[in-house]
Amino acid sequence: MTVRTRFAPSPTGYLHIGGVRTALFNWLYARRHGGQFVLRIDDTDQQRNVDEALEPILHGFKWLGMDWDEGPDVDGPYAPYYQSQRQERYQAAAQKLIDDGLAYYDYSTNEEVQGEREAAQAEKRPFQYSRKWMAETEEQRKAFEAEGRSFVVRLKMPREGKCEFTDLVRGELSFDWALENDHVIQRSDGSCLYHLASVVDDYEFKISHVIRAEEHLPNTPRQIFIGQSLGFTIPEYAHLPYVAEPGSKRKLSKRKLEKYLKNPDFKKLNEHGQGIAERMNLTTTADSFNPVIVDFYEQVGYLPEAILNYLVLLGWSLDDKTEDFTVEEMIANFSLERVTKAPASFDGKKLFAFQDRYIQKLPLKQKTAKMLPYLQKAGLVAEPTPCDVGPKLGQIIEACGDRLKVAGDIIAYADYFFVADEDMQYDEKGFQKRLCKAGAKENLAKFREALAATDDWSKENLDKVLHQFVEAAEIKIGEIIHALRMAITGKPVGPGMFDCLAIIGKESCLKRIDQTLAKIDASCAS
RNA sequence: GCCCCCUUCGUCUAGUGGCCCAGGACGCCGGGUUCUCAGCCCGGAAACAGGGGUUCGACUCCCCUAGGGGGUACCA
C-alpha cells in the first residue's frame, strides 16, 4: 500500500505554527515511507479571494521546504483539490446514504432539536434525537412540506454496539454508537458539511493515513460510520496532541496574542522580532506578524531548518538524547509510534536556542548572503550591492561571532560600520556613562594621538598600541576602551574593540573620535 | 450536563516491572574568564498529580479521586 497523507489548510491568510507541526508530521510520514503528501484546500463556496488568502500559506510551506505532491499548483490524478469545487461529489454521497437508508431527510427546526438537547441536559442524560421529524417515505416528506418545513440530511447513526478502532498514537479506542448524534451532513441550502466532505475526499484522494490534531478524535466514529456506509476502505488514524499555549496546556490559537504576550518568553521572542521589523521600516500588524505565525520567522531571519527541528520535537522524540536533526535525519527516523499523547506547550526560548545553534553552524559565506538583504532593507547598503560591501560584511559578521542569532540581528550590529561618520548616532545613556566621566575626554584625546601615529592598522597591531598606551598612561584598560567604543561606534556594546577599529579604518576612526571630543564639550554637564 | 483524551524537573522529553534515591535538552541560579555584550569553563537547584490495589519489587500494570484539555453546531 502506498502511504498517502494530507494536510487541509483553510485559506485564512496566514500559516499557523501549530498547523505547521501537524503538516510536518504528515509530510515526514509520507516521505519516510516513500509516499505522497497532498494539500487539500478547505475552502467554502462563500469565501472570496481564496487565492490571495492561500498564497501566504503556500509560501510558508515552500519556505520551510515542505513540498507537496498534489494540491494547488501541482495537478494530480484526483483533482480538483479545492473542496469548493467538489460539492457535487459530496451531494452524490449524501444521496447514496439516503438511498441506502443510512441517512434521512429531517424536517425539524433548529429550535425543536435544541429543545430536545436542553431537556436531555436538564435530566443529565446523554442527548439522542427523537427522530420525530425524520421522513423516510414520500408521504411523510409531503406531509412535512405541507407544514411549510424545510429539510436537512442527517446521518442515521447506529443506536447500539460500539465503534472500535486503533489509533496509531493512542492505541485501541472504543466509543458507544448510542452516544453519537444524528449529525447533519447536508444543510437546508443543499451544501454539504465538513465531516462528509472530509471522508469523501480522503477516500477519493486515496489517503492511507489520516494524521491530524486531537480535536478530531471525538469526530472519528461518525467519520468511520460515513466511510463504512459508503463502502469505503477506512484509513488509519493518528491523532496528534496539540501544540499548546506558552506555559499552558490549552490549544494554541491565532487570536489570543494579547494573552500570550503576558508570557515573558513569548514576549521576548516577539519584541526581538518587532525590533528587527522596525529597523527595516516594516509595517506590521499583530494579525500577520507574531510568533504564532510562520511568516514572522521568515521576515526576521530565522532558518527554516531550525524551526523544523524545534517543531519536530514538539510531540515526538527519537530517544533520550538526540536533539539535532537535519531534515534527512527527521525523515529517516520519524515514526508515529514515538509521538507523545500529551500536549506540548510552545516554548519561545527553546526555539530560539535551536535557531542560535543552527545559525552558528552556517559557513560565513552563507551567513553573509542571508544577512546582506537585511542591511539593504534597513537602507544601510545600496542596491545593487557595491562591490566592496561583501568582504566588509564578511569581516563584520566574523567579528560579531555568535552575537548574531537571527539574520535580522545584523542591522543592529552593523549600522555604524556602514553609516557616514557624521551620521553616526550615539546611545545617550552610554555616552553619559562612558564619556562624561572625569578623565574620559583627556584619555581619549591622548589615545587619538597614539592612533594618529599608527600606520599598521591590523587588529593585532591596534591591540598592541592600546596596551602600550595603557601601560604608559598608567590607567586600567577599561578606562579607555569603553570610551573608545562609544566614540567610534556610538554604542556601549558590540564586537571586539580591535575588530571594530580595524573594520572602520583609520581615517574614520580619527574623524569619529574628533567628533566625539566635540560632543563631550557640548553634551556633558560640567 | 453528557462523551472522549491526557497527567515525569519551569518547558520539551527519556523511561514498556528490578539497569532510576529517575537520564538528556532548553531555561534558571552560583563561581571563574574576557575590553562591553555574546560566549566559554566549573558547580548547583529542579519532576514520577494524590490514594488504593497487584507484585518479592512499581514512573512503569489495574481501580478510584483530582487536575488539565477537547468534543458535544445547518464551524472546520
Side-chain angles (χ1 to χ4, degrees), chain A residues 8-10 12 42-44 83 106 109-110 113-114 117-118 120-128 150-154 167 169-170 173-176 178-181 183-195 197-198 213-221 239 241-242 244 246-251 265 310 313-324 338 340-354 356-357 360 400-405 409 413 430 434 463 466 470 476-482 484-486 489 491-498 500:
Chain A
S10 33
T12 51
D42 259 0
D43 58 347
T44 61
Q83 290 200 317
D106 180 61
T109 63
N110 261 324
V113 178
Q114 189 53 30
R117 194 175 280 127
E118 279 162 15
Q121 205 172 108
E123 290 168 42
K124 303 189 177 189
R125 59 171 167 82
F127 164 64
Q128 195 172 53
S150 59
F151 68 87
V152 295
V153 177
R154 282 183 190 278
D167 184 284
V169 170
R170 283 150 216 281
L173 263 18
S174 165
F175 295 77
D176 275 335
L179 264 9
E180 281 291 318
N181 294 148
H183 293 282
V184 175
I185 53 172
Q186 190 176 105
R187 298 183 179 91
S188 46
D189 69 3
S191 63
C192 290
L193 262 32
Y194 169 77
H195 292 294
S198 181
E214 185 187 345
E215 63 193 296
H216 290 286
L217 189 53
N219 302 152
T220 307
H239 289 93
Y242 291 109
S248 129
K249 293 293 176 202
R250 230 157 303 150
K251 180 184 162 191
D265 303 322
Y310 171 70
L313 292 174
L314 237 38
W316 176 83
S317 69
L318 177 65
D319 53 30
D320 60 342
K321 42 180 70 73
T322 317
E323 288 254 304
D324 287 8
R338 293 197 58 86
T340 52
K341 297 186 183 77
S345 57
F346 179 84
D347 181 357
K349 288 189 310 268
K350 189 144 188 177
L351 192 165
F352 201 76
F354 272 104
D356 190 2
R357 227 176 313 158
Q360 303 320 335
C400 288
D402 43 32
R403 291 170 183 83
L404 302 167
K405 310 296 190 190
D409 283 337
Y413 276 102
R434 299 301 190 185
D463 192 327
L466 186 115
V470 163
K476 278 193 278 185
I477 195 165
E479 286 182 58
I480 177 68
I481 210 154
H482 297 121
L484 187 60
R485 175 183 300 284
M486 276 307 304
T489 72
K491 295 193 180 180
V493 299
M497 193 66 254
F498 306 109
C500 291

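Heavy atoms only: backbone and side chains are in, while hydrogens, waters and symmetry mates are out. Letters A, B, ... are given to chains in the order of the sequence lines, protein chains preceding strands, and every chain is numbered from 1.
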J.: Which listed nucleotide (B/G1, B/A14, B/C12) is nearest to the side chain of A/Gln121?
T.: B/G1
J.: Tabulate atom names and distances for all N/O pairs under 3.5 angstrom spanning the protein and nucleotides 39-46 of chain B.
T.:
| residue | atom | partner | partner atom | Å |
| --- | --- | --- | --- | --- |
| B/G39 | O2' | A/Asp402 | OD2 | 3.2 |

J.: Expressed in angstrom and rounded to an integer, what is the separation of A/Phe346 atom CZ from B/C12 atom C1'?
T.: 12 Å
J.: Counting heavy atoms from C-beta on, name the nucleotide in B/C37, B/G1, B/A25 closest to the side chain of A/Glu323.
T.: B/A25
J.: May I ask you to verify if any side-chain N or O of A/Arg338 is less than 4.0 angstrom from the OP1 or OP2 atom of B/G15?
T.: yes
J.: With sequence neighbours excluded, tell me which residues meet side chain to side chain contact (heavy atoms under 4.5 Å, CB included) with A/Val169.
T.: A/Asp167, A/Ala238, A/Leu240, A/Val339, A/Lys341
J.: Of the candidate nucleotides B/A14, B/A38, B/C26, which contains the atom at the shortest distance from the side chain of A/Arg403?
T.: B/A38
J.: Considering residues at least two apart in sequence or located in another chain, which fulfil the side chain to side chain donor-acceptor pair (under 3.5 Å) criterion with A/Asp463?
T.: A/His467
J.: What pairs of nitrogen or oxygen atoms, one from the protein and one from nucleotides 5-8 of chain B, lie under 3.5 Å apart?
T.:
| residue | atom | partner | partner atom | Å |
| --- | --- | --- | --- | --- |
| B/C5 | O2' | A/Arg170 | NH1 | 2.5 |

J.: When the distance from CZ of A/Phe498 to P of B/C35 is rounded to whole Å, what number comes out?
T.: 9 Å
J.: What's the NZ-C1' distance between A/Lys124 and B/G1, to the nearest Å?
T.: 7 Å
J.: Tabulated below should be each protein N or O lying under 3.5 Å from an N or O of nucleotides 29-32 of chain B; please produce it.
T.:
none

J.: Mark up nucleotides 71-76 of chain B, 5' to 3', with B wherever a protein heavy atom is under 4.0 angstrom from a base atom, S wherever such an atom reaches only the sugar-phosphate, and - elsewhere.
T.: SSSBSB
J.: Under a plain distance cut-off of 3.5 Å, with no hydrogens placed, do A/Thr220 and A/His239 share a side-chain donor-acceptor pair?
T.: yes
J.: With respect to the phosphate group of B/C2, does any side-chain polar atom (N or O) of A/Arg125 fall under 4.0 Å of OP1 or OP2?
T.: no
J.: Think A/Ser345 has a side-chain N or O under 4.0 angstrom from the OP1 or OP2 of B/U11?
T.: no
J.: Between B/C35, B/A14, B/C26, spot the one nearest the side chain of A/Asp347, thanks.
T.: B/C26
